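Report on one structure; see the data block that follows.
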Amino acid sequence: MATVGKVIKCKAAIIWEVGKTPSIEEVEVAPPKSHEVRVKIVATGICRTDYHVLKGFFPKLDYPVIAGHEGAGIVESIGPGVTCVKPGDKVIPLCLPQCGECSCCRSPKDNCCLKTHFCERPQNLMPDQTSRFTCKGKRIHHLMWVSTFSEYTVMPDASIVKIDNNAPLDRVCLLGCGFPTGYGAAINTAEVAPGSSCAIFGLGGVGLSIIMGCKAAGASRIIGIDINKNKFAKAKELGATECLSPDDFKKPINEVLVEITGLGVDYTFEAIGLVETVTAALASSHMAHGVCVVVGEPPAGSHLSVDPVLLITGRKLLGCCMGGFRLKDAIPKLVSEYMEKKFNLDALRSHVLPFEKIGEGFELLCSGKSIRSVLLY
Ligand code: COD
Ligand code: ZN
Ligand code: ZN
């Protein structure tokens, strides 16, 4: 390819500083170094976490930054030492790397690679602590090593996986974050049992994916909870047996859930990212065998205050990142399952916009009108 080894100029959405909406700019994308891959992004979803980047919820992150972490594309070129992909392959960038070498990657039960921003550095620069992005002479930072809001982007080979070359990239991009985060919380982390009851707090793209996981696992009662009733129709279409708004009750929603289920819900999930709703989800779970899974990430610095008696009776409080999936292993299989129509990923794609309308995509997210907007380059 004519671009191999050269700097590529392309469009990208840069968040210049906290609170500023992303602006479309021409960026220079340097060629991949050793164990790095340069990818042409074809489609990317907008996740709530991208909005959190814009709002400055991650104190360790450096700006200017190119956000976006739910994309799909085609390999343009590879650096020395890369063996997992080749130019022309369809790929999904991994917002949770799988280096294969750290103690967590070597332990079959763990999925949170020690290279992530949760453990090491904020993945704001490549592993060699330099950036591949420049704009107007300034160094621009990466996000989670993937930065899918750039038409071309560079990532380490730990953060990329090849997928079926027949996969529709404008759809499977949602397998980069939202879907596995929710679906895996139900099937991997909670291990929802057939015939059980489930309650899902928050019916965004992640909460709806939890509903799909609960349904696939055979749950018989699936209760969706959201303050925005416009989310109820889709939740029911995907498997919720009933939906509740906390605003419709005088008593706290956890008391309502315990009352309508007898002793509490078998499995509860928090997919909003608020400490108060984590507390409510735990208190809603069955006193003896309830499992509460924390999926949403509350703002940095939040602290959970839990009455230990809630746990002493037998409840379990769990958490997971990316639904407990080891993404390099899981995503190609999820792509195949999607193509075999084993789950309704397309239901999450509420809007499709040209990349230039990224600002509109964020507005749709903030106004609660979208589930997932997919941007096309
Ligand atoms: N009570 C009930 N519902 C509420 C409340 C409330 N107090 N506040 C907001 N909601 C509803 C909203 O109306 C909305 O429908 C829903 O909660 C949230 O949905 P979205 O569309 O804003 O968000 P999602 O589904 O895209 O994702 C939200 C998470 C919080 C799960 C996500 O951003 C996150 O924190 N992920 C976990 C961390 C992680 O795995 N990160 C990896 C990359 S994201
Ligand atoms: Zn995300
Ligand atoms: Zn690792």
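In listed order, ligands and their atoms are each counted from 1. Since this is a predicted model, take the numbers as computed values, not measurements.
Contact check on Arg349 versus Asp346 returns no salt bridge, with no Lys/Arg side-chain nitrogen under 4.0 Å from an Asp/Glu carboxylate oxygen. A salt bridge is absent between Glu36 and Lys33; no separation between the charged side-chain nitrogens and carboxylate oxygens falls under 4.0 Å.
Across every non-hydrogen atom of Pro93 and Met155, the tightest pair is CB-SD, 3.6 Å. The two residues Val27 and Ala12 make their nearest non-hydrogen contact at CG2-CB, 3.6 Å.
Close contacts between ligand 1 and Gly202 involve ligand atoms 16 (C), 17 (O) [criterion: under 4.0 Å to a heavy atom]. Residue contact check: Met322 has heavy atoms under 4.0 Å from atoms 40 (O), 42 (C) of ligand 1. Residue-ligand proximity, Thr49 to ligand 1, at heavy-atom distances under 4.0 Å covers atoms 33 (O), 44 (S). Those atoms of ligand 1 that come under 4.0 Å of a heavy atom in Cys177, given as number and element, are 43 (C), 44 (S). Every atom of ligand 1 with a heavy atom of Lys231 under 4.0 Å away is listed here by number and element: 15 (O). Contact atoms of ligand 1 toward Asn228: 13 (O) (distance under 4.0 Å to a heavy atom of the residue). If you number the atoms of ligand 1 from 1 as listed, the ones under 4.0 Å from a heavy atom of Val295 come out as 36 (N), 37 (C), 38 (C).
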List the steps and the verdict of salt bridge (charged side-chain N to carboxylate O under 4.0 Å, His left out) for Lys229 and Asp247.
CA-CA 10 Å; Lys229 289 186 182 178; Asp247 296 340; over 6 Å; no
Stepwise salt bridge (charged side-chain N to carboxylate O under 4.0 Å, His left out) check, Glu363 with Lys369:
CA-CA 9 Å; Glu363 280 165 25; Lys369 289 186 184 137; over 6 Å; no
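Nearest protein heavy-atom neighbour of atom 7 (N) of ligand 1: Leu274 CD1, 3.8 Å. Closest to atom 18 (C) of ligand 1, if we only count protein heavy atoms, is Ala271 O, 4.0 Å. Of the protein's non-hydrogen atoms, the one nearest atom 19 (O) of ligand 1 is Gly204 CA, 3.3 Å. The closest protein non-hydrogen atom to atom 6 (C) of ligand 1 is Ile272 CD1, 3.9 Å.
At least one N/O/S atom of Cys99, from backbone or side chain, sits under 2.8 Å from the Zn ion (ligand 3). Among the atoms of His69, an N, O or S atom is found under 2.8 Å from the Zn ion (ligand 2).
Centred on the Zn ion (ligand 3), the angle running from Cys102 (SG) to Cys113 (SG) is recorded as 120°, rounding to 10°.
Remark: Lys60 NZ is packed, more than 12 non-hydrogen atoms of other residues, nucleotides or ligands lying under 6.0 Å away. Around atom NZ of Lys11, more than 12 heavy atoms belonging to other residues, nucleotides or ligands sit under 6.0 Å away. More than 12 non-hydrogen atoms from other residues, nucleotides or ligands lie less than 6.0 angstrom from NZ of Lys231.
At least one N/O-N/O distance between Arg48 and ligand 1 falls below 3.5 Å. Residue Arg372 has at least one nitrogen or oxygen atom sitting less than 3.5 Å from a nitrogen or oxygen atom of ligand 1, judged on distance alone. Residue-to-ligand polar distances keep His52 apart from ligand 1: every N/O pair is separated by 3.5 Å or more. On a distance-only criterion, Val206 and ligand 1 share at least one N/O pair closer than 3.5 Å.
Using 4.0 Å as the threshold, Gly178 has no heavy atom nearer than that to any atom of ligand 1. The closest approach between any non-hydrogen atom of Glu276 and ligand 1 is not below 4.0 Å. Distances from ligand 1 to the non-hydrogen atoms of Gly205 include at least one value under 4.0 Å. Ligand 1 has no atom lying under 4.0 Å from any heavy atom of Glu70.
Heavy atoms of Glu297 found under 4.0 angstrom from ligand 1 belong to the backbone as well as the side chain.
Leu174 and Val295 end up in the same hydrophobic cluster when Ile, Leu, Val, Met, Phe, Trp and Tyr side chains are linked at under 4.5 Å.
For atom 16 (C) of ligand 1, the choice among Leu143, Asp226, Ile227 with the nearest heavy atom turns out to be Asp226.
Taking the six-membered ring where the residue is Trp, Phe58 and His117 present perpendicular rings, their angle passing 60° and hence far from 30°. Under the 30°/60° scheme for interplanar angles, the aromatic rings of Tyr377 and Phe355 are found to lie parallel.
Looking at heavy atoms from C-beta onward, Ile46 lies in side-chain contact with Phe149 at the 4.5 angstrom threshold.
Neither side chain, Arg132 nor Thr134, offers a donor N or O lying under 3.5 Å from an acceptor on the other.
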